[in-house]
Enquirer: 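Mind having a look at this structure? Questions to follow.
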Amino acid sequence: VHVKRLELSRFKSFGQTTKIPLLPGFTVVSGPNGSGKSNILDALLFALGLASSRGMRAERLPDLVNHNQSNGKGSAETTVKVTFALDDETEWSVARRLRVTQEGKYASTFYINDETCTQSQLHEQLRQLRIYPEGYNVVLQGDVTRIISMNGRERREIIDELA
Amino acid sequence: VHVKRLELSRFKSFGQTTKIPLLPGFTVVSGPNGSGKSNILDALLFALGLASSRGMRAERLPDLVNHNQSNGKGSAETTVKVTFALDDETEWSVARRLRVTQEGKYASTFYINDETCTQSQLHEQLRQLRIYPEGYNVVLQGDVTRIISMNGRERREIIDELA
Amino acid sequence: RLEAFHEAFDAVNENFQTIFATLSDGDGYLQLDKSEDDDISNASLNLIAHPKGKPVQRLHSMSGGEKSLTALSFIFALQRYRPSPFYAFDEVDMFLDGANVQRLATMIKQQAEQAQFIVVSLRRPMIEAAARTIGVTQARGAYTQVLGIQL
Amino acid sequence: RLEAFHEAFDAVNENFQTIFATLSDGDGYLQLDKSEDDDISNASLNLIAHPKGKPVQRLHSMSGGEKSLTALSFIFALQRYRPSPFYAFDEVDMFLDGANVQRLATMIKQQAEQAQFIVVSLRRPMIEAAARTIGVTQARGAYTQVLGIQL
Ligand SMILES: Nc1ncnc2c1ncn2[C@@H]1O[C@H](COP(=O)(O)OP(=O)(O)OP(=O)(O)O)[C@@H](O)[C@H]1O
Ligand SMILES: Nc1ncnc2c1ncn2[C@@H]1O[C@H](COP(=O)(O)OP(=O)(O)OP(=O)(O)O)[C@@H](O)[C@H]1O
Ligand SMILES: [Mg+2]
Ligand SMILES: [Mg+2]
């Protein structure tokens with residue numbers, strides 16, 4: 001199982017649909033400061049429902065929509081789709097759409113293979129693939145420093161959550 | 001005015017008297033992880049009385065003495081001397097000695113030009129040279145991250161202290 | 001439930017020891033600090049290490065790079081207990097000198113035979129160890145562009 | 001005393017704007033957030049910046065490198081308000097990409113005409129901008145050695 005493709009629409013510093021194909025094995029993502037590297041990982045967390053808005057460096061979910069939104073309707077929206085290649089060579093996709101109205105109200109919808117689902121249903125299926133919200137398979141900028149400055153009890157709680 | 005020489009004796013990872021000559025202008029200090037680069041800055045802070053033991057990554061002052069101490073007397077000590085070159089080409093030196101007894105008691109003594117003095121007397125003279133304990137002329141590993149994660153009030157207090 | 005915790009702790013501890021030895025050419029282990037009555041709800045987990053033949057140190061007094069290697073070894077130990085099909089790391093090599101980045105890159109390269117690794121990095125030994133690089137740029141006033149994938 | 005604060009704040013703010021513009025090719029300023037009655041004992045100091053022509057952002061949502069440049073500019077602004085004869089920096093270039101390290105190194109080189117700078121760094125553009133390098137090593141089980149000073 002590996003991530004085969006990421007498709008970002010108006011997510012943070014990304015404009016209209018940006019496709020990022022990915023291969024199995026070891027890939028490095030590099031580029032200048034502020035170019036959008038960490039935003040790619042935020043997109044992954046967003047689509048899979050693995051982090052709070054704060055965990056994606058946004059004060060509230062609407063902050064995740066690209067600031068250049070001007071689609072005439074007065075509302076703004078962002079979508080991220082993650083496509084997995086499964087062991088049997090079939091594809092399996094997860095998507096999330098966040099719509100923000102002109103008054104600032106917002107709603108987020110999850111999709112599995114383009115069919116709506118709840119976040120719990122999604123997490124249920126992700127566990128089958130051994131992807132866990134409380135897991136550490138995504139290590140963000142600053143996580144290493146956070147582990148260092150944690151006190152002993154907080155570190156032990158990490159083991160509690162995994163057990 | 002510039003720092004002309006550092007002399008470290010049994011300070012942290014340093015053994016018997018290590019001399020480090022320094023020139024004016026732009027000097028880089030480099031080397032592998034754990035080699036002792038940050039310890040050099042800790043030595044500067046130690047001698048000039050600019051930081052608490054915690055600010056030098058030691059739980060208590062005795063932790064600053066090199067662990068390989070075995071001078072037969074059963075006590076351990078460390079000394080750091082900082083020699084400045086003044087504008088009129090004369091030298092001016094500050095030193096600090098920390099003695100730790102076998103029972104774990106410890107005493108620290110400051111010297112200006114090899115004459116004992118108190119920490120306040122030393123800070124008085126350092127101010128004349130525009131070196132301030134509340135200043136930011138020494139920026140330690142982690143200070144940049146600390147400024148970033150401070151809240152607004154703490155940052156404003158920095159200005160309070162300088163004013 | 002206490003048993004579940006100890007099973008997890010022992011497994012992570014074993015992983016930590018192996019991984020830390022590989023990454024830092026030293027020894028380290030996890031220390032569980034609990035009171036006499038075995039009450040783990042108040043227990044503390046400490047990372048004890050002596051990198052490269054130095055005496056055992058608490059995390060607090062280590063150098064920046066040593067702290068980073070210790071914390072990274074802990075993260076990898078957790079991952080090895082609960083493996084995933086893919087991993088995404090964001091600049092975990094920031095504090096490391098060139099030789100340590102190389103050691104880390106070699107370990108990731110070897111682990112990448114069994115899982116997918118997407119590693120954000122600005123460090124040359126990491127870029128050179130990878131099978132390919134995805135370039136990310138943002139021109140002034142424009143959107144993020146994802147450029148050529150080189151092999 | 002309120003006057004002393006405002007004098008310090010204005011001076012540091014002016015320094016911050018100049019320095020940030022040089023380091024990041026963008027604009028930034030210090031924002032004092034105080035209540036109506038001018039009560040500074042409860043006031044908040046925020047770093048407001050828009051690096052490289054991007055819209056104004058709070059520190060929290062910036063990238064790692066952008067946060068670092070902003071915080072560094074603040075530190076340098078404080079230093080320029082209360083100058084010292086020497087400065088010692090420990091790996092302040094950790095989060096920066098090569099181009100930003102270069103920009104920082106150039107600024108330090110220029111400031112070094114008036115003060116002594118002792119800069120711990122692992123980054124090549126910083127090492128190359130300096131007048132000389134002091135090498136620090138520690139052999140296994142031995143003491144720290146300070147080696148050759150190259151010009
Ligand atoms: N909603 C948004 N609309 C437009 N731009 C945004 C939005 N949210 C974040 N950004 C921009 O994304 C940039 C940050 O990108 P990111 O954190 O991915 O950079 P990075 O490549 O990881 O850099 P570094 O190497 O410094 O960590 C910021 O400059 C910010 O202006
Ligand atoms: N009292 C002591 N006796 C002996 N060694 C000590 C003592 N205190 C600290 N050390 C050693 O000094 C080392 C840390 O040195 P330092 O922090 O200067 O490294 P560094 O060169 O800055 O590394 P990095 O690049 O990782 O930041 C630690 O490995 C520690 O073992
Ligand atoms: Mg980043
Ligand atoms: Mg260091």
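Labels below follow one simple rule: chain letters A, B, ... track the order of the sequence lines, proteins then strands, and each chain is numbered from 1. Values in this document were obtained by computation on a predicted structure and should not be read as measured data. Scope of the values below: all heavy atoms of this structure, side chains included, with no hydrogens, waters or symmetry mates.
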Enquirer: With no hydrogens and no angle check, is any side-chain donor or acceptor of Arg153(A) less than 3.5 Å from a backbone partner on Asn42(C)?
Expert: yes
Enquirer: Given the options Val92(C), Leu32(C), Thr70(C), Ile108(C), which has more heavy-atom pairs under 4.5 Å with chain A than any of the others?
Expert: Ile108(C)
Enquirer: Any idea how Phe117(C) and Phe26(A) line up, ring-wise: parallel (<30°), tilted (30 to 60°), or perpendicular (>60°)?
Expert: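 Rings of Phe117(C) and Phe26(A): perpendicular, as their planes differ by over 60°.
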Enquirer: Quick one: which of Gly64(C), Ala129(C), Pro83(C) has the most heavy-atom pairs under 4.5 Å with chain A, could you say?
Expert: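 Most pairs with chain A among the choices: Pro83(C).
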Enquirer: Checking heavy atoms, do the side chain of Met62(C), its backbone, both or neither come under 4.5 Å from chain A?
Expert: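 For Met62(C), neither part sits under 4.5 Å from chain A.
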Enquirer: Could you look at Phe95(C) and say if it's the side chain, the backbone, both or neither that has a heavy atom under 4.5 Å from chain A?
Expert: side chain
Enquirer: Flag the one option from Leu72(C), Val12(C), Leu47(C) with the top tally of heavy-atom pairs under 4.5 Å to chain A.
Expert: Leu47(C)
Enquirer: Got more than 12 heavy atoms from elsewhere within 6.0 Å of CD, Gln17(C)?
Expert: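 Above 12, so yes.
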Enquirer: Near Glu3(C) CD, under 6.0 Å, is it more than 12 heavy atoms from other residues, nucleotides or ligands?
Expert: no
Enquirer: Decide side-chain contact (heavy atoms from CB on, under 4.5 Å) for Thr18(A) and Tyr143(C); before the verdict, give the C-alpha distance in whole Å, the side-chain angles of both, and the deciding distance to 0.1 Å.
Expert: CA-CA 10 Å; Thr18(A) 308; Tyr143(C) 297 123; over 6 Å; no
Enquirer: Hey, what do you get for CD (Gln116(C)) to NZ (Lys4(A)), rounding to the nearest 0.5 Å?
Expert: 12.0 Å
Enquirer: Count the heavy-atom pairs under 4.5 Å between each of Val3(A), Asp143(A), Leu44(A), Asn39(A) and chain C, then report the option with the highest count.
Expert: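 Option with the greatest count: Val3(A).
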Enquirer: Do any N or O atoms from the side chain of Thr144(C) and from the backbone of Ser35(A) form a donor-acceptor pair under 3.5 angstrom?
Expert: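 A pair under 3.5 Å: yes.
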Enquirer: Over all heavy atoms of both residues, which pair between Leu59(C) and Ile148(A) is shortest? Give the atoms and the distance, please.
Expert: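 For Leu59(C) and Ile148(A), the tightest heavy-atom pair comes out as CD2-O, 3.5 Å.
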Enquirer: At a heavy-atom distance under 4.5 Å, which candidate from Leu78(C), Asn46(C), Ile118(C) has the highest pair count against chain A?
Expert: Leu78(C)
Enquirer: Name the region of Ser149(A), side chain, backbone, both or neither, that has any atom closer than 4.5 Å to a heavy atom of chain C.
Expert: neither
Enquirer: Heavy-atom distances under 4.5 Å only: say whether Pro32(A) touches chain C with side chain, backbone, both or neither.
Expert: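 Contact with chain C: backbone and side chain both.
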Enquirer: Answer with side chain, backbone, both or neither: which region of Phe89(C) has an atom nearer than 4.5 Å to a non-hydrogen atom of chain A?
Expert: both
Enquirer: With rounding to the nearest 0.5 Å, note down the distance linking OH in Tyr136(A) to OH in Tyr81(C).
Expert: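 Result: 15.0 Å between the selected atoms.
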Enquirer: Output the option from Leu140(A), Leu162(A), Val29(A) having the highest count of non-hydrogen pairs under 4.5 Å with chain C.
Expert: Val29(A)
Enquirer: Hey, what do you get for CD1 (Ile134(C)) to CG (Leu22(A)), rounding to the nearest 0.5 Å?
Expert: 5.0 Å
Enquirer: Are the side chains of Val1(A) and Phe86(C) in touch, meaning some heavy atoms are under 4.5 Å apart?
Expert: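 The answer is no; the side chains never approach within 4.5 Å.
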Enquirer: If I take atom NZ from residue Lys67(C) and atom OG1 from residue Thr145(A), how far apart are they, to the nearest 0.5 angstrom?
Expert: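 Spacing of NZ (Lys67(C)) from OG1 (Thr145(A)) equals 9.5 Å.
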Enquirer: Which residue, Met150(A), Glu154(A), Glu157(A), Arg155(A), forms the side chain to side chain contact (heavy atoms under 4.5 Å, CB included) with Leu45(C)?
Expert: Arg155(A)
Enquirer: Checking Leu8(A) against chain C: side chain, backbone, both or neither under 4.5 Å from a heavy atom?
Expert: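 Neither; nothing under 4.5 Å.
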Enquirer: Would you indicate whether the side-chain heavy atoms of Gln79(C) and Val139(A) approach each other to under 4.5 Å?
Expert: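 A side-chain contact exists here, since the closest heavy-atom pair is under 4.5 Å.
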Enquirer: Who among Ala8(C), Ala4(C), Ala130(C) has the most heavy-atom pairs with chain A under 4.5 Å?
Expert: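 Between Ala8(C), Ala4(C), Ala130(C), the count favours Ala130(C).
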Enquirer: Quick one about Arg130(A) and Ser84(C) (side-chain donor to acceptor, distance below 3.5 Å, no hydrogens or angles considered), yes or no?
Expert: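 Short answer, no.
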Enquirer: Are Ser30(A) and Leu122(C) close enough that some pair of their side-chain heavy atoms sits under 4.5 Å apart?
Expert: yes
Enquirer: Can you confirm whether Arg124(C) is buried at CZ, in the sense that more than 12 heavy atoms of other residues, nucleotides or ligands lie under 6.0 Å from that atom?
Expert: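 Count not over threshold, so no.
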Enquirer: Would you say that more than 12 heavy atoms from the other residues, nucleotides or ligands in this model lie under 6.0 Å from the CD of Gln16(A), or not?
Expert: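 Counting other residues, nucleotides and ligands, CD of Gln16(A) exceeds 12 neighbours.
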Enquirer: Could you check which of Asn151(A), Ile159(A), Asp160(A) has the highest count of heavy-atom pairs closer than 4.5 Å to chain C?
Expert: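 Most heavy-atom pairs within the cutoff with chain C belong to Ile159(A).
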